[in-house]
Amino acid sequence: MHADASVTAPAAPPDFEALRADFPILHQQVNGHPLIYFDNAATSQKPRRVIDALVHYYEHDNANVHRGIHELSNRATAAYEAARVRAARFINAPSADEIVFVNGTTEGINLLASSWGGKFLKAGDEILLLELEHHSNIVPWLLLAGKIGCKLKYVPVEGDTGQVDLAKLDELLTPAVKLFAFPHISNTMGVVNPVHEFVVRAKAVGARTLIDAAQSAGHLVVDVQAIGCDFLVFSGHKILGPTGSGVLFGRRELLDAMPPYQGGGEMISSVDFYTAKWNTVPHKFEAGTPHIAGAIGLAAAMDYLDAVGREHIFRHDQELALRAQRGLEALGDVRIFGPREGRAGLVSFVLGQAHAHDVVTLADQKGIALRGGHHCNQPLHRKLGIKSSARASFYFYNTAAEVDRFLEEMARIQHFFRA
Amino acid sequence: MEPGDLEELYQAVILDHSRKPRNFGELPDATVTVDGDNPTCGDEIHLHVRFGPGGDPLEQVKFTGSGCSICMASASLMTLKINGRSRAEAGALLQDFQGMITGSAPGPAPKTLGDLRLLSGVKKFPQRVKCATLAWHALRGALEGSTGVTTEDGTDTDSEGIAVG
Ligand SMILES: Cc1ncc(COP(=O)(O)O)c(C=O)c1O
């Protein structure tokens, strides 16, 4: 894939099958079978272009950022800050100053809970979440609640489809709610939340909004200005980028008003033995030597994704997920989670009597990588009355033929446990 | 099922025990109930033990809960093996089983383990070792007088955490 990145996606969908050649890892046998990687919601694979960007940085430009005056440091700083500009363009943030590099979704949310929550929330204030929440959008708020006495509330979702109950949302979204935080796409249900609609409703009661875009940023076009959210966070590793890279977007005035998250070098403008002054945003939130290579690799991933076109990717993901859903429905005795129409590129399910671990182990023997467990959605699984589910999650380098192979295998496993 | 490792893991006996676990159910006159958690998947085994007078032997052992086929079969086979045994015998079986399943004990598994040896294939599947040992962690809890254990060594379920209104 050598096309240059552009803000507007290419008009025609690419030849997805041909893009597989860009991903070295895909071309291997696992347990004697061609690898079928269906664990993309956990992490994505990396194209050669991203791997090359990391290698190039370490082989040619490696130095610390912002503190050197020599040539390599200049190059490293320029590349790191260019990555910030790239990230802003990726989500249509008004300014690169509104992009804080973090090590992933989890750190972004912890940063907000500690800095924004610690300063602006008080005992009795409410944080509204969805029952769909990943543990990373629950536990940081639990920790905060334990410290300051704010309250957590959850908007119920409908049974097995995972759709938010809008009437319940309106009931719960009162002026006591200071923050409404929710996933763009649920990593278990595959439901795509109407994020703009949620933001409009939150604004009406004066609540701030945080979107967990971990499952969406690399799969569909995310435009923070069109959505209108206050904060948005995502992980680089799920969107073709390196592990340990990620982005927290925050509106400038909000970031300006927030205290630092961690202390150290780079986040200060001046330090004395007993006093310190903070640097401007976003540097105020990036204490210490950042993951420079990570940011550079992430920018390369964003170039790649925008050259492919995220609207094409989303359509492809959806087609694969629908094919998988229909195939599982046809097997009978499969409990399928998520909406029957309009699901994002993943399907979680319980295959008859078979436990998710057994399904995943047996599929793995055929080279098919699935996830089995609660997918860091333990409260949701409890609500569904199950301990675990199996999940197949797709990306643009997956093919319909792979889905068909997966379905054959599911039929065989179902039969095996039925016998 | 095709030949190879997997056949070894999911042998007919294992499948049979997971579908129809033996000694499955409550034990109303249990001396202790140990809640065993596998936090990686959320599976739970509750082991109910009635000890004899003076705390020995393990007069009757039953279990409840749910888990994958490896977990259920291991619990079922374990109860068959330890019912009526002394604390010392149960402790020795626990050691032998752990040696076999983690591969830390070299050579073939001790004959004393009987049908439990069918689970020896699990050591080739590192992700599944916790499934096979969940019930055994609960047994360790029962022997050591703890009522909550997890597959994460050394922690127990009343470890520190948070609960807010
Ligand atoms: C919806 C959602 N939120 C948050 C996360 C946490 O991401 P990370 O582990 O990269 O911080 C994940 C992925 O595991 C996720 O799927």
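None of the values given here were measured: they were computed from a predicted structure.
For the residue pair A:T243/A:H237, the side-chain donor-acceptor check at 3.5 Å is not satisfied. For B:R140 and B:H137, the side-chain atoms include at least one donor-acceptor pair closer than 3.5 Å. Side-chain contact of B:H46 with B:T33: a donor-acceptor pair under 3.5 Å is absent, judged by distance alone.
In terms of heavy-atom pairs under 4.5 angstrom with chain A, the leader among B:S69, B:C71, B:S66, B:C68 is B:C68. Contact count versus chain A (heavy atoms, under 4.5 Å) is highest, among B:M72, B:Q127, B:R128, for B:R128.
Contact annotation for B:C131: only side-chain heavy atoms (C-beta onward) come within less than 4.5 Å of a heavy atom of chain A.
Heavy-atom proximity under 4.5 angstrom to chain B picks out A:H355, A:H357 from residues 349-357 of chain A. Using a 4.5 Å cut-off between non-hydrogen atoms, the part of residues 130-150 of chain A that approaches chain B consists of A:L142, A:L143, A:A145, A:G146.
B:K81 pairs by the salt bridge (Lys or Arg N to Asp or Glu O under 4.0 Å) definition with nothing, not counting sequence neighbours.
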Only distances under 3.5 Å count here; give the side-chain donor-acceptor pairs of residues 106-117 of chain B to other protein atoms, sequence neighbours excluded, each with its distance to 0.1 Å.
residue: B:R117; atom: NE; partner: B:G114; partner atom: O; Å: 3.0

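The backbone N or O of A:D39 sits less than 3.5 Å from a side-chain atom of A:Y37, completing a donor-acceptor pair. Of the possible polar contacts, none joining the A:S115 side chain to the A:L112 backbone as a donor-acceptor pair under 3.5 Å is found.
With A:F38 as the aromatic partner, A:R371 does not meet the cation-pi criteria of under 6.0 angstrom to the ring centre and within 45 degrees of the ring axis.
For the side-chain contact (heavy atoms from CB on, under 4.5 Å) with B:V61, the lone residue among B:L139, B:N83, B:L27 that qualifies is B:N83.
A salt bridge is defined here as a Lys NZ or Arg NE, NH1 or NH2 lying under 4.0 Å from an Asp or Glu carboxylate O, and A:D125 with A:K151 fails to meet this definition.
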